Structure formats: structure tokens, C-alpha cells
Amino acid sequence: MSKGEEARKAIRDEAAARKADNDAAAQSDAMKGRPIIIPLGEDGAWNVYWSRPHRSLYRLKMNEHTGAHLRRMAKLADYARWLAPDLPPDAVGEAERRIIKQAKDWMLDETGGRKYNPDMLRGRGVWRDADGLVYNAGDACFLVLPDGRMERVDGVRERYIYDAGAPLLHPAADALTDEEGARLVDFYRARPWVQPCAGELVAGWMVCAVLAGVLPYRPQVWVNAPALTGKSALKRDMLRALGGKNEDADMPGREGAVTGGHAIQFEAAATSPAGFTQRIGQDALPVAFDEGEEHGDDGGRKARNLAGVLDILRSAATSGDVGISKGGADGTAKVYKARFCTALFSIANNLSREADTSRFLVLRLSPLMDAAARAAMYERQEAARAMTQEQDFTPRLFTRLLRAVPALLDNARTIRAHLMGEGYNPRRAELLGLLLAGAHALTKGGAVDDAYLERAAAVAQAVEEGQERESDAQRCLDTLLGHSVMFHGVQKSVARLCQIVRDAGAGNVDDAADARDALAALGLEWKDKSNALQVNPAARGLREQVFRGTDWQGGKITPVLAEGCQGGKDGKNALGIWTQSGNVRGAGSRKVIMIPAELVMQPMPPDD
């Protein structure tokens, strides 16, 4: 039997075992005589019910309380176990009409005139209820006991009802160790970050994203990087650690896992706000967005999508139990929980600096790294990656995080108070406090000490200094060099096309000629003599393709990229860019912007 066949058999066996556990729980003696249908109240013309056997919500009009509809909500045997627990199984069929009528009468009487409150329904994720911490894994609920053990419980708790959904990983009996948690943090540190502390903050985000339902505030992070610098690899590694599918053919053990992963993924600019809220529903799960920019759009649709999605993410970042209400065609309101943490991955970001600086943490990957340092970084990654791909890694990670919630919340408050004492505004201090408390929960148990508080202050200072250094010119340059076009059937960035042209002598001459044409269509040309990329700011391709929908649409790049230039190669600005008169293909002599090779030709990993 091949590894792939063994993995698929293990998945089938796990699914069968879960189904058997669910059936046994539903048919246990403890369920005899207990209502299997929970009336939740009236919502307009509908009565709303929750089915215990199916762990699902049902809406019935008055004339729909029939045998056919009630049989959709539960099996006849389930009704008999509730309403006629002493009836022999072979007599249930003959008593069907009486049992169904008894169930209908009880459902209508119990509903009475109560109004349905949608806030009492919760989806998948980790939540706090009156009797403690509840983890809704979609096909089962677990209560975290004071001693750290996980007890499987009914989805109807004292204050809330936990709805069913696609199954997630169940927690393990044993938790991840401090040493394994430290290796996971180092896994994310081993990236070419602009901010040295960013890997620790990403690890903290993962902790917060799993526990979002119990947090007072949900941190949102936005990873920016030029194309081909490792951001897709980072996203894959984060999702795999959360139980996502393993895409490597030589490691099939996690592929096609029963859960399909703990995070919900979207393409930001292609996702409508309505589609996003409907997909999230009542869940409190990690959310990952790829390509969080809208340039290259046709008619502004993607720009509107992204603006609407960002509004929802701002709501999720707000303190408190936030819900988003949408009116339905049937006259009822649909309420979505905005209790999730988001990680966005893109070349640039579309944030309004003043409004969003305290809600989103922007982290940047740098392409500038010498070959030896990059090789050492990859070696660190591979050492930890094997650990994250072990079959029991994510369940053990979840167990550690579920047990760490009380200490994490206390530590977040302590770090927040310390940072506010250092002069940070409350919202920013809360965001960083939760992320740093999350990272601490992976590597140590208990309360943070004074040394960690000092480190937290140093990390906060580094983050703020890095954000202040992030210039519009750098973001504009990243957008330009990271813009991708279709080249010989695959996407190639502007930076990669420049590399193909420059290396024409050692490579395919025809490829180099085609790359020159692709650059020219954007108003760009690689100049061997100057060892620089020549940019024609007036080019139509820049306006309509590269910068459309960005802060620099309409060709407003000269004041940004050329800021501080004195004219000529001797008048470079702080980035090393200069302006001069140059010959533009098909347009004659124009004032052009020259971007030196060291900003364009950057070491690039092959896996992004």
C-alpha cells in the first residue's frame, strides 16, 4: 500500500470513528427523555428550532409543522427516545402519528410568543460560556475542564447553542511542549523580515486567530512583500500549522484531512462583502486573504469589493462582541459574528494610515538577503517544517492553546497596561499586547515576568519605528516591481522580467526579447548601460495596469518615486533612484525615472 493510500485509509477510518462517536452520543441513555428539538422563538412568520441530533437550525411556518418536515429535523427513533423512552423499538413505527403529533404540540406550546434572538447561536471555534471554555469543532463540542482535560459535551449549553459545521480537528490528549512551541516561533522568525520581531508577532497572531471567539479584541495583520520573496510560502506554512492540507506530494499524511484546515481562505479583491459574511457565518476561525490589493481591476468592481471587506475587518478588530446584520429577502435579519482574526498577504496595502494604524499591524518581508543568509534561513525553516507536518501536531497545538486561555488573557492585560505606561495609545497597546501574549503562550506557561515586559516594550518600539520608516516611495516601488503579467503561460513579475533581460547572454535570447516587449507594454525598459530600470511615468500601461486602483493611479508616481532627486545620476534620492532625459520606445526623448539594479535584481526563492 502506497503512502497516499495509507493516508486516505487513515482519513476514512477517522471519519468513520467520528461518526460512530456522534451516533453513540446521540443514542446514549443520558439523552433519553431529553428534548431533541429546542424551540428558539418566533422570527416573523417562522418558528425557529434547533435540532439536537443534527446540531442545525430549522425554520418552519405554522403550516409546515407536519410529519415530513419534522422527520427532516430528526429520525423517528430520536423522537421516540425523547417522547416515548419506554416504547419497544419494534413498536415505534405503529406509534409514529401519535409521536409526531406530540412533538408538534410541544414545539408550538414551548415557542409561545417568545422572539428569536440570533445572538444565542454560535458557530465553530473557541468560545466562552457560563460553564467555561467551549471548543466547537463542527461535529463535536468540547468543554475545557479546570484541570486542562477536554470533555465532550452537548451543543446546547447554559447560554448559547453551538451550531454544526464542517468538522475541524479535535484536541489531543497531550499538549505541545514549550520546546516545540519555541521551534514553531522560530519557524516564523526564519523569514527575511524588515522588522526583526515580526516572526514572533506572526506566531502570536496564529494563537489569537485560533482563540478569537474569547478575545476582547481581534488583531489583524497585513503582510506586505514584493513578488517572489516568500509570502506565499509563509501563508502556506501558517495554514499547514493550523491543520491545512499538505500540498507536498511526498508527504501525503495530512493531505485531504477530515478537517480541510482550521482557517478560511479568500482572494481579497475577488471576494464580495456579502459573499464574505455568508462564508464566515457564525464562525470564529482564522481568516486568510491572498492578494489584498485591487489594481488591474476592470470597472472598479475589485476596488469596491476590497473596500467593503476592509470595513468588515475593521468591525472584527473592534473591542466587544460585534455582529453584522444583513436584511434578507424574506423580511428577516441575518446576523453574522465579526469575531475573527485576519491575515492578509499582498505586495502593498490599501490602508488609510490614520484610521487603520491601530487596527492593522503591517509587517514586511524584505527581498534583500545575501545567498549565504538565505540558505541558512531555509535550513531553519526545513528543520521546523517537518514538525508542523506531523499528523498529531495541530491537535496538540490546539490542546496547548485551549489550556493557555486564562493565562493568555491575564498576560495580554498586563502587557497592554505596560505599553500604555510607555505612552502607546490604548488600541495599539491592546493589539500588541494580545500578539505578544499569544507568542508567550507558545513558549512558556504562566504569567509574563519583568524581562518579558521589557522585551514587549522593545518589540513595540521596533514596530512603530518600522511603520514610520515605511515610505510611500517604498510602497510604490514594491507595487511596480511586484506587478505580474502573463509571460509564456505563467505569471512573471516586473522584477523577474528585468532579470530575464539582463541575463540574456547566459539564457534564452528569444525569452529576453519577449521580456523586453512585455516591459515596454508597461512603459518600462531595462538599460544595460545604466544598469537600471527606466520608467516612463506617462506610459499608458502604468496608468491602466500597474497603478490602477492604487494610491498612485493616474500616473502620480513621479512626485513619489523621484522625491528628493536632484537630476542626473549624481542627484540620487534616499532610495538610490535618479531622474534623467531618456529615449523611450515609440515616444522619443522624455524625462524618465531610473531605478538601480540593486533595487530591482533581488535574490528570489524558487517556491513563491
Side-chain angles (χ1 to χ4, degrees), residues 13-28 30-31 34 38 50-56 120-176 181 206-215 241-244 257-264 281-286 337 339-341 391-409 438 441-442 445:
D13 291 346
E14 182 181 348
R18 285 193 177 197
K19 185 178 186 303
D21 288 345
N22 291 339
D23 291 344
Q27 297 172 16
S28 66
M31 296 300 294
R34 295 182 65 185
I38 311 298
W50 196 78
S51 165
R52 251 196 177 107
H54 294 170
R55 293 188 61 229
S56 296
M120 69 186 303
L121 192 69
R122 287 176 164 179
R124 298 173 298 166
V126 181
W127 304 90
R128 186 178 298 283
D129 211 308
D131 52 353
L133 208 65
V134 176
Y135 171 45
N136 180 6
D139 63 342
C141 283
F142 298 88
L143 182 68
V144 182
L145 300 176
D147 61 3
R149 289 182 299 111
M150 311 291 166
E151 179 184 358
R152 185 163 177 159
V153 295
D154 184 33
V156 181
R157 309 310 304 156
E158 184 171 338
R159 293 181 182 172
Y160 299 97
I161 292 176
Y162 296 87
D163 207 3
L168 304 174
L169 287 170
H170 291 185
D174 298 322
L176 217 62
M206 290 180 60
V207 173
C208 292
V210 171
L211 305 176
V214 301
L215 299 183
L242 292 174
V258 173
T259 65
H262 198 77
I264 304 175
Q282 310 297 330
D283 291 339
L285 299 178
K337 299 290 186 185
R339 295 189 67 86
F340 51 84
C341 298
Q391 192 74 24
D392 65 344
F393 173 82
T394 306
R396 292 172 60 230
L397 171 64
F398 287 179
T399 298
R400 180 182 182 99
L401 300 186
L402 290 169
R403 292 175 178 173
V405 169
L408 183 148
L409 294 176
L442 284 172

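Values reported hereafter were calculated over all heavy atoms of this structure, with side chains retained and with hydrogens, waters and symmetry mates removed. What you see is a predicted model, and the numbers here were worked out from it, not measured in a lab.
Here Phe398 and His262 bring their ring centres to under 6.0 angstrom of each other.
Side-chain contact between Arg124 and Leu168: present, with at least one pair of heavy atoms (C-beta onward) separated by less than 4.5 Å. In this structure the side chain of Pro286 never reaches within 4.5 angstrom of the side chain of Phe340, judged on heavy atoms. Proximity of Cys141 to Tyr135: side-chain heavy atoms (C-beta onward) are nowhere separated by under 4.5 Å. Counting heavy atoms from C-beta outward, Thr399 and Asp174 have side chains that stay 4.5 Å or more apart. The closest side-chain heavy-atom distance from Arg339 to Val214 is not below 4.5 Å.
With hydrogens and angles disregarded, no donor-acceptor distance shorter than 3.5 Å links the side chain of Ser51 to the backbone of Ser56. Judged purely by atom type and a 3.5 angstrom limit, Arg396 has no side-chain atom pairing as donor or acceptor with the backbone of Ala173. Formation of a donor-acceptor pair under 3.5 Å by the Arg149 side chain with backbone atoms of Val144 is not found in this model. Between the side chain of Arg52 and the backbone N or O of Asp154, no donor-acceptor pair lies under 3.5 Å. At distances below 3.5 Å, at least one donor-acceptor pair connects side-chain atoms of Arg55 with backbone N or O atoms of Tyr162. In this structure, Asp392 contributes its side chain and Ala172 its backbone to no donor-acceptor pair below 3.5 Å. Put simply, the side chain of Arg400 gets close to the backbone of Leu176: a donor and an acceptor are under 3.5 Å apart.
The two residues Cys208 and Cys341 have their closest heavy-atom pair at O-SG, 3.7 Å. Contact record, Ile161 with Ile38: CD1-CG2, 4.2 Å, taken as the closest heavy-atom pair. Between Gly213 and Trp127 the shortest heavy-atom distance is O-CE3, 4.0 Å. In terms of heavy atoms, Leu408 sits closest to Ala441 at CD1-CB, 4.0 Å. Scanning all heavy atoms of the two residues, the minimum distance from Val126 to Val210 falls at CG2-O, 3.5 Å. Scanning all heavy atoms of the two residues, the minimum distance from His170 to Ala137 falls at CD2-CB, 3.8 Å.
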Might you work through the side-chain contact (heavy atoms from CB on, under 4.5 Å) test for Arg128 and Leu409, ending with a clear yes or no?
-> CA-CA 12 Å; Arg128 186 178 298 283; Leu409 294 176; 3.4 Å; yes
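Note that CG of Leu285 and CG of Leu242 are 10.0 Å apart. Values are rounded to the nearest 0.5 Å. For the atom pair Asp131 CG and Glu151 CD, the distance stands at 9.5 Å (nearest 0.5 Å). Between atom CD of residue Gln391 and atom CG of residue Leu169 there is a gap of 8.5 Å, rounded to the nearest 0.5 Å. For the atom pair CH2 of Trp50 and CG of Asp163, the computed distance is 7.0 Å after rounding to the nearest 0.5 Å. Between Leu143 atom CG and Leu133 atom CG the span is 8.0 Å, to the nearest 0.5 Å. Atom CZ in Arg403 sits 5.0 Å away from atom CE in Met150 (nearest 0.5 Å).
Under 4.0 Å is where a charged nitrogen must lie from a carboxylate oxygen, and between Arg122 and Asp283 no such pair does.
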